[in-house]
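In what follows, chains carry the letters A, B, and so on, assigned in the order in which the sequence lines appear, proteins first and then strands, with residues in each chain numbered from 1. Worth knowing before you read on, the calculation uses all heavy atoms, side chains too, and leaves out hydrogens, waters and symmetry mates.
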Protein chains: 2
Amino acid sequence: MRAKLHGGRHRPADGSSRALPDVAVKRLPVYLRALGELAVGGQEIVSSAELAAHTGLTSEQIRKDLAMLGGFGTRGVGYHVERLGSSIRSCLGLDREVPVALVGAGHLGTALSRYNESRRQQPRIGAIFDSDPAKVGQRLGGALIRGMDEIDATVRALGIRMAIIAVPAVGAQVVAMRLVAAGCDVLLNFAPVRLDLPAEVRVHNVDLAMELEALAYYVRPDAPGAEGE
Amino acid sequence: MRAKLHGGRHRPADGSSRALPDVAVKRLPVYLRALGELAVGGQEIVSSAELAAHTGLTSEQIRKDLAMLGGFGTRGVGYHVERLGSSIRSCLGLDREVPVALVGAGHLGTALSRYNESRRQQPRIGAIFDSDPAKVGQRLGGALIRGMDEIDATVRALGIRMAIIAVPAVGAQVVAMRLVAAGCDVLLNFAPVRLDLPAEVRVHNVDLAMELEALAYYVRPDAPGAEGE
DNA sequence: CTGTGTGAAAGGTTTCACAGCT
DNA sequence: AGCTGTGAAACCTTTCACACAG
């Protein structure tokens with residue numbers, strides 16, 4: 001009864017790699033961070049066991065994932081830190097410019113842009129929009145804050161495909177539709193509403209209230225973990 | 001080679017319900033939101049098909065989940081909106097007070113507390129901590145901002161078990177250890193670092209950079225979704 | 001007849017065990 | 001020997017199909 005909203009695998013047939021499960025895609029950034037730390041430490045080669053220790057995943061899982069990307073390891077040795085990083089970035093499409101639109105320059109939007117500014121990485125926030133006239137024209141984390149009416153022109157002009165929705169719940173659906181109309185097809189939504197959009201648009205929701213509610217389940221109403229009184 | 005960091009099921013044997021898969025736990029808040037909307041609309045009974053339309057999940061999945069909680073539906077009729085909501089809240093432990101500590105009153109922390117303030121719901125942010133002396137003593141979303149040195153006493157005094165870490169990466173590990181020492185065993189971590197904590201502590205990480213990196217995978221470098229020029 | 005609850009089947013992911021390079 | 005890559009097994013989740021209650 002449901003159209004199976006992007007479940008399982010993706011990228012049917014492409015140049016480099018074909019169809020990686022969503023769960024594996026979510027782990028790639030984890031590897032990337034671990035590799036970054038190792039590179040800073042000057043390490044050139046890393047084993048799956050070492051990556052496991054750094055990421056909290058199992059070595060088998062890591063080998064499976066990396067083998068899926070095309071097998072960039074050397075048997076009996078391990079993975080070349082630098083090279084593996086490049087391969088993963090390439091697989092994620094982070095070797096090109098990936099501009100992102102941020103809609104909503106409130107506290108959350110500000111936190112996101114500050115955070116993004118500090119990292120020398122893709123994706124990078126390339127355009128910011130807010131409905132508050134007092135904010136329009138100001139700069140935030142290196143990007144200019146524009147009015148909501150400029151979404152369409154700006155997103156098109158910059159060829160933006162990804163957007164972050166950081167506006168209050170009431171405005172989110174309208175914002176999302178504008179972004180999609182302008183060419184965005186991958187959205188990260190922080191507003192606590194279910195967005196109703198064409199099936200080809202990928203929406204990832206991050207809802208703090210839900211996150212907390214789910215976590216409450218794991219708080220058992222008995223003795224705390226470490227008490228010493 | 002790994003101790004299986006809380007995988008699969010939980011809550012071994014308890015009073016009300018026993019062992020719900022993590023994936024199901026994550027869906028409960030989704031049901032809760034849909035039920036809230038329906039309740040506002042004055043609806044008393046809802047079918048799994050209707051809930052499916054509101055949540056984007058399948059009706060079978062919803063029935064499976066709700067049957068696991070104890071089967072609160074009436075065959076041939078559906079689920080009582082009010083009653084089902086109570087059952088889910090009870091299962092999540094939201095029928096009691098669930099105070100949460102928030103560490104870090106920067107932009108992110110402010111966004112979180114504002115957001116939490118507006119909702120008449122559990123969990124509720126019951127204590128806020130920040131290292132900035134200028135902020136200590138001020139109020140934010142109904143709670144007082146305290147100094148970091150007050151974490152232990154306050155968390156213990158209020159019996160807080162859950163905490164949100166919204167501090168920069170460098171301080172996160174220290175903050176996490178303090179929280180755990182004070183009795184917290186469920187953490188929501190927004191800092192972009194892997195926290196090294198005892199296995200019995202449940203950590204849920206939300207990392208914007210990783211989220212964006214993973215989403216970049218789904219931005220295929222070809223024609224956008226909706227173009228009309 | 002309607003819509004839930006549930007065993008069975010299907011599908012996907014993780015773990016295991018080991019073959020195969022270096 | 002050491003560590004990757006990979007088929008097979010185990011495990012978990014979702015979907016299907018239908019019995020069953022109201």
* Asked: Are the charged groups of A/Asp65 and A/Arg27 less than 4.0 angstrom apart, N to O?
  -> yes
* Can you find a pair of side-chain heavy atoms, one from A/Arg63 and one from A/Ser48, that are under 4.5 Å apart? -> yes
* Structure fact -> Side-chain contact check for B/Lys64: nearest option of D/dT15, D/dA8, D/dT13 is D/dT15
* Heavy atoms of other groups near A/Glu44 CD, more than 12 under 6.0 Å -> no
* Which residue, B/Gly76 or B/Gly71, contacts DNA chain C at a nucleotide closer to its 5' end, judged by nearest heavy atom? -> B/Gly76
* **Length of the CD1-C1' vector between B/Ile62 and D/dT14, whole Å** => 13 Å
* Structure fact -> To the nearest angstrom, the CZ-C1' distance between B/Phe72 and D/dA21 comes to 18 Å
* Of the listed nucleotides C/dT14, D/dT14, D/dC3, the one nearest the side chain of A/Val23 -> C/dT14
* Rounding to a whole Å, what distance do you find between B/Leu57:CG and D/dT13:C1'? -> 13 Å
* Asked: Counting only N and O atoms by type, is there a donor-acceptor contact under 3.5 Å from the side chain of A/Asn116 to the main-chain atoms of A/Arg124?
  -> no
* Which nucleotide in the list D/dA19, C/dT15, D/dT13 gets nearest to the side chain of A/Thr58? -> C/dT15
* **5' precedence on DNA chain C between B/Gly70 and A/Gln61 (nearest-nucleotide basis)** => B/Gly70
* **B/Glu60 CD - C/dT6 C1' separation (whole Å)** => 12 Å
* **Below 4.0 Å: OP1/OP2 of C/dT4 and any side-chain N or O of B/Thr74** => no
* Asked: Could a donor-acceptor pair under 3.5 angstrom be found where the side chain of B/Arg75 meets the base of D/dC20?
  -> yes
* Asked: Whole Å only: how far is the CE atom of B/Met68 from the C1' atom of D/dT14?
  -> 10 Å
* Asked: Is A/Ser47 near enough to D/dC3 that one of its side-chain N or O atoms lies under 4.0 angstrom from OP1 or OP2?
  -> no
* Can you check the A/Leu66 CG to C/dT14 P distance for me, whole Å? -> 13 Å
* **Side-chain donor/acceptor of A/Gln122 to backbone N/O of A/Val98, under 3.5 Å** => yes
* Whole Å only: how far is the CG atom of B/Leu84 from the C1' atom of C/dG5? -> 14 Å
* Give the rounded distance in Å between these two atoms: CG of B/Asp65 and P of C/dG5. => 12 Å
* **Residue A/Pro21, side-chain atoms from C-beta onward, closest of D/dT6, D/dT14, C/dT13** => C/dT13
* To do: Would you tell me if any nitrogen or oxygen in the side chain of A/Arg63 comes within less than 4.0 Å of OP1 or OP2 on D/dG7?
  => no
* OP1 or OP2 of C/dG5 under 4.0 Å from side-chain N/O of B/Tyr79 -> yes
